[in-house]
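Below, chains carry the letters A, B, ... as their sequence lines are ordered, and counting in each starts from 1.
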2 protein chains.
Amino acid sequence: MLRITKITDYGFILLAHMANQDKELLHNAKDLSAAIGIPLPTVSKVLKILTQGGILQSHQGSKGGYSLAKPAGEITAAEIIEAVEGPVAITDCSSSEGCERNCVVSPSWQQVNTAVIGALSGLTLADMSNG
Amino acid sequence: MLRITKITDYGFILLAHMANQDKELLHNAKDLSAAIGIPLPTVSKVLKILTQGGILQSHQGSKGGYSLAKPAGEITAAEIIEAVEGPVAITDCSSSEGCERNCVVSPSWQQVNTAVIGALSGLTLADMSNG
DNA sequence: CTCAATTAAGACCAAATAGGTCTACTATTT
DNA sequence: AAATAGTAGACCTATTTGGTCTTAATTGAG
Ligand code: SF4
Ligand code: SF4
């Protein structure tokens with residue numbers, strides 16, 4: 001339905017919050033949950049996914065937490081979405097797997113897909129955070 | 001997951017097929033189903049939705065069928081998607097209803113949404129069909 | 001060394017959405 | 001009248017998404 005998922009949306013909220021504070025500060029899931037107003041288990045899940053996608057760096061154990069893996073100005077919206085939902089593909093045929101029905105409109109979708117990725121790549125977390 | 005639905009995809013295939021033929025010719029669901037290779041009930045559903053959305057014109061009764069409501073060059077991809085899935089809104093906050101959690105990243109999503117709609121509005125059915 | 005705090009991994013279930021089919025009805029042509 | 005074709009909408013199934021939970025592994029502090 002041409003919409004990002006809630007998990008992705010939460011990811012952006014969390015990342016923007018982290019980008020607005022001292023870069024070295026470790027944020028733990030519990031504090032973030034309280035700060036953002038999203039239940040802890042969900043926050044925890046999102047942070048885990050973002051870490052697996054290389055957007056966040058984690059530090060385990062007591063006094064552990066998460067921090068941005070790169071400066072906010074170097075993390076693009078496209079990267080974040082890909083980390084959470086996988087490659088951006090507006091149709092089956094604009095993904096790597098493709099589509100067996102290789103129809104006439106496919107090239108147009110490729111164009112649209114490229115344009116969308118372009119828009120998302122031109123926007124960094126720094127742009128999105130404090131504004 | 002940032003993807004158009006299958007019904008929408010079918011819609012584009014059907015419309016492109018129709019745009020590639022005589023504008024005045026009426027296409028009935030059965031023939032279109034055979035031509036495109038999508039089951040009749042599904043084709044029928046898609047055509048109905050496109051008609052309700054004002055993209056197609058229908059003609060009931062024997063020898064009836066569907067034809068484009070406007071020249072292919074005047075039907076944009078954005079229009080078609082809206083007709084099938086409703087307004088393009090990449091997040092809750094970029095739709096008319098909005099989102100109660102009015103967060104800091106919302107303005108950025110508005111920008112992205114506008115860019116996406118722009119890309120979709122700049123592409124007509126004529127562009128997408130015979131190309 | 002032990003304990004508490006904290007992330008990691010993934011199972012799990014419930015809710016929502018999407019995909020697809022079907023039936024009954026209406027309109028038009030012959 | 002009969003045949004053809006669209007209209008409306010219910011309906012069920014499959015898939016995806018949202019969210020929670022449990023169990024482990026890791027690390028710092030006392
Ligand atoms: S190839 Fe045609 S059918 Fe397959 S995804 Fe692309 S547009 Fe849709
Ligand atoms: S306002 Fe914030 S939370 Fe609500 S949809 Fe927009 S980005 Fe997501």
Review point. What nucleotide, of C:dG19, D:dG6, C:dA9, holds the atom closest to the side chain of A:Gln52?
Key: C:dA9
Check your understanding: Where the side chain of B:Asn28 is concerned, which of D:dA5, C:dT6, D:dG19 is the nearest nucleotide?
Key ->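 Looking only at side-chain atoms, B:Asn28 lies closest to D:dA5.
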Give [X] one of three labels, base, sugar-phosphate or nothing, depending on what nucleic acid heavy atoms sit under 4.0 Å from its own.
X       : value
B:Leu47 : nothing
B:Lys48 : base
A:Lys63 : sugar-phosphate

Under 4.0 angstrom between [X] side-chain N/O and [N] OP1 or OP2:
X       : N      : value
A:Ser58 : C:dT6  : no
A:Tyr10 : D:dG18 : no
A:His27 : C:dT6  : no

**Study point:** Side-chain donor or acceptor of A:Ser106 paired with backbone N/O of A:Asn102 under 3.5 Å
**Key:**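 Not at all, since once roles are kept as given, no pair shorter than 3.5 Å links the two residues.
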Practice item. Return yes if some donor-acceptor pair links the side-chain N/O of B:Glu79 with the main-chain N/O of B:Thr76 below 3.5 Å, else return no. Key: yes
Point to revise | Contacting residues from residues 36-45 of chain B, given that a heavy atom lies under 4.0 angstrom of DNA chain C | key: B:Pro39, B:Pro41, B:Thr42, B:Lys45
Review point. Charged N to carboxylate O under 4.0 angstrom, B:Asp92 versus A:Arg3?
Key: yes
**Study point:** Position toward the 5' end of DNA chain D (nearest nucleotide), B:Met1 or A:Gln60
**Key:**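 Closer to the 5' end of DNA chain D: B:Met1.
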Check your understanding: Just how far, in rounded Å, is C1' of C:dT17 from NZ of B:Lys6?
Key -> 14 Å
Practice item. Nearest whole angstrom, please: distance from the P of C:dA9 to the CG of A:Leu50. Key: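 A:Leu50 atom CG is separated from C:dA9 atom P by 14 Å.
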Point to revise | Hydrophobic cluster identity match, A:Leu26 and A:Ile36, side-chain contacts under 4.5 Å | key: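 No, A:Leu26 and A:Ile36 fall in different hydrophobic clusters.
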Check your understanding: Does one side chain, of B:Thr8 or B:Glu85, offer a donor that lies under 3.5 Å from an acceptor on the other?
Key ->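 The answer is yes; a qualifying pair exists.
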